[in-house]
Amino acid sequence: MTTTRLTVAQAVVRFLEVQHVERDGAENAFFAGCWGIFGHGNVAGIGEALLERELSDDPGRLRYLQGRNEQAMVHASVAYARQRDRLAAFAVTASVGPGSTNMVTGAALATINRLPVLLLPGDVFATRVANPVLQELEDPASMTASVNDALRPVSRYWDRIERPEQLPSALLAAMRVLTDPADTGAVTLCLPQDVQAEAYDWPEALFDRRVWHVARPVPEAAAVERAATLVRSARRPLLVAGGGVIYSGADGALRHFAEATGIPVAETQAGKGSLPYDHPQAVGAIGATGSDAADALANEADVVIGVGTRWSDFTTASRTVFARPEVRFVNLNVASVDAHKQSGLALVADARAGLEALGVALEGWRAPAEHTSEATERARAWDAVVEAAYAVENEPLLAQSAVIGAVNDGTDPRDVVVCAAGSMPGDLHKLWRTRDRKGYHVEYGFSCMGYEIAGGLGVKLAADDTGDPRDVVVMVGDGSYLMMGTELVTAVAEDVKIIVVLVQNHGFASIGALSESLGSQRFGTRYRYRTPTGLDGERLPVDLAANAASLGADVIVAKGLDDLRAALRSAKASERTTVIHVETDPLVPAPDSPAWWDVPVSEVSTLDTTRAARTTYEQHKAAQRHHLGTITEQQGDRQS
Ligand SMILES: Cc1ncc(C[n+]2csc(CCOP(=O)(O)OP(=O)(O)O)c2C)c(N)n1
Ligand SMILES: [Mg+2]
C-alpha cells in the first residue's frame with residue numbers, strides 16, 4: 001500500500017479538496033472553502049494545513065475565508081449551501097473553547113433547516129499531558145467531556161478524532177451525512193489540538209477524487225397508488241410547497257403537476273419561490289404568516305399534499321389552519337420523519353421524482369374547475385391587499401410594508417432578498433412578490449437574529465462562485481443588526497458586494513406586537529433610556545448608519561420612499577457593499593394574517609391585560625387539532 005505522510009490536519013484538508021457531488025449528471029467540488037478564526041486550538045494544526053495550501057499554486061486548493069465571529073461563519077456557510085441547493089458547502093474551523101461554543105447556534109440553525117456544514121472545532125489534548133489547557137471545561141465526572149460536547153445534539157453526525165487511525169472512517173461518515181438530502185445538517189469533527197499536528201502514513205486512496213451521488217429516491221409504487229386514490233377523492237385539494245421543492249429543483253415538476261391537476265399551491269417560508277407569485281395557481285404564503293387566500297383554502301381543504309415541508313407550527317398555524325375534521329395529508333418528503341407527520345400518507349421520496357410519479361398516477365384527473373378558479377380569484381384579491389400595503393404613505397416615519405414594496409419594485413426578478421428574524425420575515429412571507437426560485441431566502445427554521453448579514457454574504461458568495469449575476473438584498477432590523485452586524489467587515493474585506501436595508505424602529509416591532517397581543521404590554525421590547533418606571537425614557541441616541549460606515553460599508557440614509565428608491569438604484573449600480581439606513585414606525589402593521597400562532601398566556605395573573613389575553617387564547621386553543629385521522633388502505637376512504 002502506498003502511503004503519504006501528513007499531519008491529521010493536513011490530511012483533513014487534502015481529503016476535503018477532492019470530494020465531489022453529482023446529481024442529474026452534473027458534478028462539482030463539494031467544498032467551496034474553509035472559514036476560520038484561529039486560536040491556540042487550531043492555529044498550528046488546521047491553520048498550518050490551510051496555509052500550506054494557500055501558498056501552493058494548486059487550483060484545487062481549499063480556499064480560506066476569515067470571518068469575524070464563529071457563529072456568523074456558520075451562518076454564511078449555511079446560506080451558501082442553501083443557495084446552492086445543498087450541492088456545495090463550507091467547512092468551518094474554530095479554536096478550542098469559546099470559538100467552538102460560538103458555533104453551537106449556527107449548528108442548530110443548519111440542522112433545523114437541513115442544510116449541510118462541516119464544523120471542525122479544535123479540542124483539548126487527547127494525551128491530556130498538560131491538562132487543564134486554556135479554556136478546558138474540566139468535568140470532574142469525566143475527562144472525556146469537553147465544551148464541544150455541546151455540539152452533539154445540534155449535529156447530525158458528531159465525532160472526536162483521538163487517534164489518526166480514526167480519521168478515514170470519520171471523514172467518510174461525515175461526507176455521507178453532508179450529502180444525504182434526508183440526513184443532512186451540521187456535521188462536527190472535533191480535532192484535539194495535539195492530534196491535529198500529529199503525523200501519520202495515510203493510505204493514498206484516502207486522497208483519491210471521490211464523487212458522492214446525490215440520490216433522487218423514488219416513491220414506493222403502492223404508496224403512490226394510495227396517494228393517488230386519496231387525491232382523486234378530493235374536492236378541495238391544496239398543495240403546500242416547502243423548502244424541499246427548491247432544494248430538489250422540483251419547481252418545474254411542481255408547476256407541471258399543479259397545471260395538470262388544477263391544484264392550488266401555497267408556500268411555506270422555505271418553499272417561497274416554488275412558483276412565481278403571479279402564477280394563476282400560486283396562492284401565496286400559508287400558515288401563521290399566511291395570505292387570506294392560502295389560509296382560506298387551507299381552512300376548507302379536504303386533501304393536502306405537502307411537498308418537502310417539515311410542517312412547522314408557523315405552517316400549520318399551530319395545527320389550526322387545516323380546519324376540516326376529515327382533512328387528510330399526503331406528505332412527499334425525502335426524510336421519513338417529515339413524510340409521516342400529521343398522520344399523513346407517506347411518500348418517502350425526492351420531491352421531483354415523487355411529483356412526477358404522482359402526476360403519472362393522477363393522469364386525466366383534475367380538481368373541480370370551480371375550485372381552481374376560486375383559488376385564482378382569492379390570490380388576485382390578496383395581491384390587491386399587497387398592492388395597498390406597498391402604497392401605504394405613513395408620516396413622518398415609513399411603514400415597513402412600503403419599504404418592502406419599494407425594495408421589491410427596486411430589485412430585479414433574480415435578486416435575492418435575505419432575512420431571518422423580527423417582524424420582517426412574516427411581512428415578507430405575506431407580501432414579497434417572488435419572481436425566481438432562488439429569489440427568496442428567509443431563514444425561518446431557527447429564525448436567528450444575527451443571521452441576516454452573514455447569510456447575505458453566503459448567498460452572494462454562492463452567486464459569485466457559480467457566475468450567477470444576482471444582487472443580494474439583506475433586510476435587517478435594528479435588533480438583529482445590533483446582535484451581529486459584524487460580517488459587513490468580511491463583505492468589505494472579501495470584496496463581496498451585498499446591499500443591506502437596515503430598518504431601524506428602535507426596538508422589537510415583532511415581539512412588541514406579540515407581547516401586546518398576549519397581554520404583556522410590550523414589556524422589554526423598546527430601546528429606551530431607563531427611568532424610575534422602567535425602560536420607557538427617550539429613544540437612545542444610537543446611530544446605526546454611522547456604525548455601518550465605521551465597518552467599511554458605503555452608507556446611504558434614506559428619509560422617505562423616494563430617497564429609498566434612489567438609494568436602491570445607486571446601491572445596485574455600485575460595486576461596493578452598501579447599507580441603506582431607513583427608519584420605520586413600529587406601530588404601523590402590515591396586513592394581518594387570519595391565522596393564529598400558539599404562544600401560551602399565563603393562566604393566572606394580576607394583570608387585566610393578561611387575563612383578557614388568556615380568554616382569547618383559550619378560544620383559539622379550542623380550534624387546535626391533532627390530525628390523527630387514518631386513511632383506509634384500499635379506497636383512500638377517510639375515517640375522521
Ligand atoms: C438570537 C435570537 N434571540 C431572540 C430572538 C427572539 N426574537 C425574535 S424577533 C426579535 C426582535 C427582533 O428585532 P429587530 O431585528 O429590530 O426586528 P423588528 O422586530 O423590530 O422588526 C426577538 C428578540 C430570536 N429570534 N433570535
Ligand atoms: Mg427593530
Side-chain angles (χ1 to χ4, degrees), residues 69-72 74-75 78-79 101-113 154 269 288-289 312-314 389 394 397-404 407 417-432 442-456 474-488 500-518 520 522-528 535 539-540 542-545 547-548 579-593 597-600:
N69 175 314
E70 292 83 359
Q71 181 186 327
V74 183
H75 291 339
V78 168
T101 53
N102 267 357
M103 298 200 293
V104 172
T105 300
L109 184 148
T111 295
I112 287 169
N113 284 287
V154 289
Q269 282 277 14
T289 53
S312 80
D313 65 345
F314 261 84
N394 198 65
L397 295 176
L398 297 177
Q400 185 163 284
S401 65
V403 171
I404 289 174
V407 175
V417 67
V418 178
C419 191
S423 56
M424 273 187 289
D427 290 358
L428 288 167
H429 194 209
K430 283 179 282 190
L431 303 179
W432 187 260
V442 174
E443 186 282 297
Y444 217 63
F446 208 40
S447 186
C448 184
M449 288 171 77
Y451 173 88
E452 296 86 348
I453 290 173
V474 175
M475 300 200 68
V476 60
D478 46 356
S480 268
Y481 180 85
L482 283 169
M483 237 182 236
M484 206 160 52
T486 41
E487 293 325 292
L488 275 178
V500 177
V501 178
L502 168 48
V503 178
Q504 188 162 11
N505 55 17
H506 302 273
F508 307 161
S510 51
I511 307 298
L514 181 66
S515 167
E516 190 172 326
S517 74
L518 302 175
S520 291
R522 295 186 179 256
F523 175 59
T525 63
R526 297 183 192 93
Y527 292 148
R528 300 291 163 112
L535 291 171
R539 283 183 169 182
L540 303 176
V542 174
D543 188 342
L544 294 182
N547 179 281
V579 175
I580 301 171
H581 178 272
V582 58
E583 279 200 64
T584 58
D585 187 335
L587 300 180
V588 183
D592 224 0
S593 163
W597 183 38
D598 190 346
V599 179

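Atoms within each ligand, like the ligands themselves, are counted from 1 in listed order.
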| task | Answer yes or no for G479: is there an N/O/S atom below the 2.8 Å cut-off from the Mg ion (ligand 2)? | result | no
| Taking the side chain from N102 and the backbone from Q71, do they hold a donor-acceptor pair closer than 3.5 Å? | no
| N505 heavy atoms, cut-off 4.0 Å: which ligand 1 atoms fall inside? | 18 (P), 20 (O), 21 (O)
| said: To check your reading of the model: name the closest protein heavy atom to atom 13 (O) of ligand 1, its residue, and the distance in Å. | reply: F508 CD2, 3.3 Å
| Per-atom contacts, ligand 1 versus M483 - under 4.0 Å to a heavy atom | 1 (C), 3 (N)
| message | Less than 4.5 Å apart, side chain to side chain, heavy atoms only: is that true for Q269 and T289? | response | yes
| Distance from atom 8 (C) of ligand 1 to nearest protein heavy atom, with residue and atom | I511 CD1, 3.7 Å
| message | Strictly under 2.8 Å, is the Mg ion (ligand 2) approached by any N, O or S atom of Y527? | response | no
| task | Run through L502, V503, V476, V579 and flag the one making a side-chain contact (heavy atoms from CB on, under 4.5 Å) with L544. | result | L502
| query | Quick one: CG on D543 to CG on L540, what's the gap to the nearest 0.5 Å? | reply | 12.5 Å
| task | Would you give the length of the straight line joining atom CG of D585 to atom NE2 of H506, rounded to the nearest 0.5 angstrom? | result | 10.5 Å
| message | With heavy-atom distances below 4.5 Å as the criterion, would you say the side chains of L109 and V74 are in contact? | response | no
| field | Three-point angle N505:OD1, the Mg ion (ligand 2), D478:OD1, rounded to the nearest 10° | value | 90°
| task | If you have a sec, work out which protein heavy atom is nearest atom 17 (O) of ligand 1 and how many Å separate them, to one decimal? | result | G422 CA, 3.6 Å
| query | Taking C-beta and beyond as the side chain, do E487 and N69 meet within less than 4.5 Å on heavy atoms? | reply | yes
| Which one of G524, S447, S423, G507 has a non-hydrogen atom at the shortest distance from atom 21 (O) of ligand 1? | S423
| Which class fits the ring pair Y527 and F508: parallel under 30°, tilted 30 to 60°, perpendicular over 60°? | perpendicular
| message | Do Y481 and L488 make a side-chain contact, defined as non-hydrogen atoms from C-beta onward lying under 4.5 Å apart? | response | yes
| Can you tell me which residue and heavy atom of the protein come closest to atom 19 (O) of ligand 1, and the distance to 0.1 Å? | S510 OG, 2.6 Å
| query | Considering only protein heavy atoms, which is closest to atom 15 (O) of ligand 1, and at what distance to one decimal place? | reply | S480 N, 2.9 Å
| query | Does some side-chain heavy atom of H75 sit less than 4.5 Å from a side-chain heavy atom of E443? | reply | no
| message | Could you work out, for atom 6 (C) of ligand 1, the closest of M449, M475, M424 by heavy-atom distance? | response | M449
| request: For ligand 1, indicate whether the residue D478 contacts it via side chain, backbone, both or neither (heavy-atom separation under 4.0 Å). | output: both
| task | Identify the protein heavy atom lying closest to atom 18 (P) of ligand 1, giving its residue, its atom name and the separation to 0.1 Å. | result | A509 N, 3.5 Å
| field | Numbered atoms and elements of ligand 1 in range of G479, under 4.0 angstrom, heavy atoms | value | 13 (O), 14 (P), 15 (O), 16 (O)
